[in-house]
Protein chains: 2
Amino acid sequence: MSAISEILYNARKQRNLVLRKVAAAVDIDQSLISKFEKGERVPTKEQTIKLSKFYGIPQKEFLIDIISEKVVRTIQEYEFAETILKVAEEKIEYLNSKRGFKKQQNNLLDAK
Amino acid sequence: MSAISEILYNARKQRNLVLRKVAAAVDIDQSLISKFEKGERVPTKEQTIKLSKFYGIPQKEFLIDIISEKVVRTIQEYEFAETILKVAEEKIEYLNSKRGFKKQQNNLLDAK
DNA sequence: TATATTTGGACATTATTTGTCTAAAATATA
DNA sequence: TATATTTTAGACAAATAATGTCCAAATATA
């Protein structure tokens with residue numbers, strides 16, 4: 001039972017809504033929403049956006065939550081999952097520094 | 001051009017092997033190995049194991065490299081990729097602490 | 001107890017990843 | 001320079017994974 005499940009379940013309960021009503025409002029099958037609330041499935045990006053809008057959940061934070069959950073489900077079978085993330089971080093930082101470099105280059109070119 | 005590409009390319013060059021020879025030895029299409037070396041594709045787990053054995057690359061380290069590369073390719077489109085990894089880390093740590101708890105429980109039960 | 005709601009499981013559909021093929025491009029060799 | 005060999009890129013087939021739907025069983029409510 002992940003945080004996403006709880007967030008969705010609580011959001012619906014606070015509003016005293018049944019799945020059918022949410023399903024109609026956001027155009028997602030009620031069975032699927034049930035699975036999200038039970039942690040059986042993870043919403044897609046589009047579904048995430050729809051649900052966050054409907055429930056007034058901050059979109060970016062929710063997206064981060066969803067995508068990180070997907071990452072976790074991919075790597076959790078490995079005993080070295082934490083190391084994977086550390087290495088991934090280094091790679092992302094490296095990519096960002098390359099982008100930063102390119103941005104600086106572009107800025108210099110624009111100045112000319 | 002990722003580290004994986006360089007590792008594979010250098011490993012092959014050091015041994016003065018052509019793709020065809022490696023391909024036959026590890027039973028992976030030579031065109032595919034070329035794509036790995038160029039960073040166009042990422043090897044599967046099974047391919048990773050085969051290549052690490054063939055080249056004598058430490059398997060666990062190589063697996064970590066490969067899987068983290070896949071994670072990176074999934075999330076790098078987002079400007080908040082680093083945050084995703086941070087949250088994923090917290091989730092993994094949480095899971096590990098739950099597992100630790102279960103292990104302790106199991107140990108206690110065994111002791112009885 | 002009847003009805004409404006939620007859930008789980010099977011399976012269809014869609015999307016993504018992976019593997020293969022082939023010829024062009026690049027490089028090496030004679 | 002001609003030829004052989006190697007590498008590569010692109011198209012597409014095949015395999016796998018993710019996602020959506022359907023429907024009845026399970027559960028909750030009145």
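By convention in this document, chain letters (A, B, ...) are assigned in the order of the sequence lines, proteins followed by strands, and residues within each chain are numbered from 1. None of the values given here were measured: they were computed from a predicted structure.
With rounding to whole Å, B/Q30 atom CD is found 17 Å from C/dA24 atom P. Between the CD atom of A/E46 and the P atom of D/dA18 there is a distance of 16 Å, rounded to whole Å. Rounded to whole Å, the distance from CD on A/E40 to P on D/dT19 is 14 Å. As a whole-Å value, the separation of A/L32 CG from C/dA10 C1' is 15 Å. We find that CG of A/D29 is positioned 15 Å from P of D/dA24, with the value rounded to whole Å. Distance A/E69 CD to D/dT19 P: 12 Å, rounded to the nearest Å. Straight-line distance from the CG atom of B/L19 to the P atom of D/dT7: 4 Å, rounded to whole Å. Straight-line distance from the CD atom of B/E37 to the P atom of D/dT8: 7 Å, rounded to whole Å.
Scanning atom types as modelled, no donor and acceptor separated by under 3.5 angstrom connect the side chain of A/S31 and the base of D/dG20. The base of D/dG10 lies close enough to the side chain of B/K35 for a donor and an acceptor atom to sit less than 3.5 Å apart.
OP1 or OP2 of D/dT7 sits under 4.0 Å from a side-chain N or O of B/R12. OP1 or OP2 of D/dA28 has not a single side-chain nitrogen or oxygen of A/K13 nearer than 4.0 Å.
Distance check: A/E90 CD to B/L85 CG gives 11.0 Å after rounding to the nearest 0.5 Å.
Of the candidates B/V22, B/I7, B/V26, B/N10, B/V22 is the only one forming a side-chain contact (heavy atoms from CB on, under 4.5 Å) with B/Y55.
The residue A/Q47 sits close only to the backbone: its heavy atoms come under 4.0 Å of sugar-phosphate atoms, none of a base. The residue A/K45 sits apart from the nucleic acid: no heavy atom pair falls under 4.0 Å. Counting any heavy atom pair closer than 4.0 Å across all strands shown, A/R41 reaches a base atom. Residue B/K70 is in sugar-phosphate contact alone, with no base atom involved, counting any heavy-atom pair closer than 4.0 Å across all strands shown.
Residues B/V72 and A/Y94 form no side-chain contact, since every pair of their non-hydrogen atoms from C-beta on lies 4.5 Å or further apart. Using a 4.5 Å heavy-atom cutoff, the side chains of A/E82 and B/N96 are in contact.
Side-chain proximity of B/K38 to C/dT5, D/dA9, C/dT7: nearest is D/dA9.
Remark: D/dA11 base-pairs with C/dT20. Criterion, Watson-Crick or G-U wobble with two distances under 3.5 Å. Here D/dA30 sits opposite C/dT1 as a Watson-Crick or G-U wobble pair (both hydrogen-bonding atom distances under 3.5 Å).
Under a hydrophobic-cluster definition in which Ile, Leu, Val, Met, Phe, Trp and Tyr are linked whenever side-chain heavy atoms come within less than 4.5 Å, directly or via other members, B/I57 and B/F36 are assigned to the same cluster.
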